[in-house]
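Note on naming: letters A, B, ... go to the chains in the order of the sequence lines (proteins, then strands), and numbering restarts at 1 for each one. Computation of the quantities below employed the complete heavy-atom set of this structure, encompassing side-chain atoms and omitting hydrogens, waters and symmetry-equivalent molecules.
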Protein chains: 2
Amino acid sequence: MNMATDWGEVDLMDKDEHIEQASRAMKAMSHPLRLKILCVLGDKEISVQEIVDHVGTSQSNISQHLAILRDKGVLRTRKVANRVFYRVGDTRTLKLLSMMRDVFCGFSK
Amino acid sequence: MNMATDWGEVDLMDKDEHIEQASRAMKAMSHPLRLKILCVLGDKEISVQEIVDHVGTSQSNISQHLAILRDKGVLRTRKVANRVFYRVGDTRTLKLLSMMRDVFCGFSK
DNA sequence: CGTATAGATTAGAAATCACGCATATATTAA
DNA sequence: TTAATATATGCGTGATTTCTAATCTATACG
């Protein structure tokens, strides 16, 4: 019922380096298509085509958004012959995503 | 040690409405200065001047970022005579912030 | 009243972003 | 080799963001 949030040590994120990193990662995720891509991915590993099918826009557009997520270190790829499979690259992002799911889809308000 | 993340129901965030809302909120926070403002605020209520002093850029610039956060519903204000005090407006955001703190400043990796 | 102080607003230039379209590369199949 | 499929990349353009500088409003204080 309460937040159990220890705001006494907020300054853990006061180092500009951390702030920069956090905002870069968040910014990379803060786009409807990219967020949708991340939701479609979850903790699975999915090919570009599948992503295109699920998310629904042009292949080029998806590819560009994937590139952004890849370049910012949010996603990692594995190439298998013809195809490229994407997955969420690190545990932190996965955790953040699951938390956002709770926050935005829970009953809290 | 593990993530305890139930990715079996990722689709909780598959409704485009939720996606849009989440990405709007994240976008509002995904700027170094705005993130810094939020960190400075924590769960406290602080005047613009104090924020300017802590964050370090022009008053105008801060004011504009505060306006963005206010308009997106992230921050709320209370005017006392000469001054305006800002605070994080809702529990969800506070929760998300504290989580981000954990994610980006924890040892997880 | 004048003036100082706290904030907000506006305008405009520069940077960044998003998307469509065409094209390029790589791999597979025939 | 040629054709087809999967993915990436470059480019142009319109939209959005961000920052600075100037201006404006409201309150406080002599």
**Message:** Check the phosphate of D/dA6 against A/Y86, side-chain N and O only, distance under 4.0 Å to OP1 or OP2. Yes or no?
**Reply:**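 False: A/Y86 side-chain N/O out of range (4.0 Å or more) of D/dA6 OP1/OP2.
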Looking only at side-chain atoms of [X], point me to the closest of [options].
{"X": "A/R70", "options": "D/dT20, D/dT9, C/dT9", "result": "D/dT9"}
{"X": "B/S58", "options": "D/dA26, D/dT20, C/dA26", "result": "D/dT20"}
{"X": "A/S60", "options": "C/dA8, C/dT27, D/dG10", "result": "D/dG10"}

**Prompt:** What are the two closest heavy atoms between B/I37 and B/H65, and how far apart are they?
**Reply:** CD1-CB, 4.0 Å
**Asked** Minimum heavy-atom separation for A/D90 to A/G73, with atom names?
**Response**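 Looking at all heavy atoms of both residues, the closest pair is OD1-O, 3.9 Å.
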Nearest-Å distance, [atom1] ([X]) to [atom2] ([N])?
{"X": "A/K79", "N": "D/dT5", "atom1": "NZ", "atom2": "C1'", "value": "12 Å"}
{"X": "B/E50", "N": "C/dA6", "atom1": "CD", "atom2": "C1'", "value": "12 Å"}
{"X": "B/F85", "N": "C/dA6", "atom1": "CZ", "atom2": "P", "value": "12 Å"}
{"X": "A/K27", "N": "C/dA18", "atom1": "NZ", "atom2": "P", "value": "8 Å"}
{"X": "A/H65", "N": "C/dA18", "atom1": "NE2", "atom2": "C1'", "value": "6 Å"}
{"X": "B/L66", "N": "C/dT9", "atom1": "CG", "atom2": "C1'", "value": "14 Å"}
{"X": "A/R83", "N": "C/dT28", "atom1": "CZ", "atom2": "C1'", "value": "11 Å"}
{"X": "B/L75", "N": "C/dG7", "atom1": "CG", "atom2": "P", "value": "14 Å"}

**Asked** With hydrophobic residues grouped by side-chain heavy-atom distances under 4.5 Å, do A/V52 and A/L35 end up in a single group?
**Response**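 Yes, A/V52 and A/L35 fall within the same hydrophobic cluster.
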**Request:** With DNA chain D as reference, determine whether B/Q59 or B/I68 sits nearer its 5' end, using the nearest nucleotide of each.
**Result:**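 Of the two residues, B/I68 wins.
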**Request:** May I ask you to check whether A/S30 and B/S30 show a side-chain donor-acceptor distance below 3.5 Å?
**Result:**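 The criterion, which ignores hydrogens and geometry beyond distance, is satisfied for B/S30 and A/S30.
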**Prompt:** Between the base of D/dA8 and the side chain of A/Q64, is there any donor-acceptor pair under 3.5 Å?
**Reply:** no
**Message:** Should the side chain of B/S63 and the base of C/dT9 be counted as holding a donor-acceptor pair, with the cut-off at 3.5 Å?
**Reply:** no
**Message:** Over all strands shown, is A/N61 touching base, sugar-phosphate only, or nothing at heavy-atom distances under 4.0 angstrom?
**Reply:** sugar-phosphate
**Prompt:** Do other residues, nucleotides or ligands put more than 12 heavy atoms under 6.0 Å from the CZ atom of A/R83?
**Reply:**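 Not more than 12 within 6.0 Å, no.
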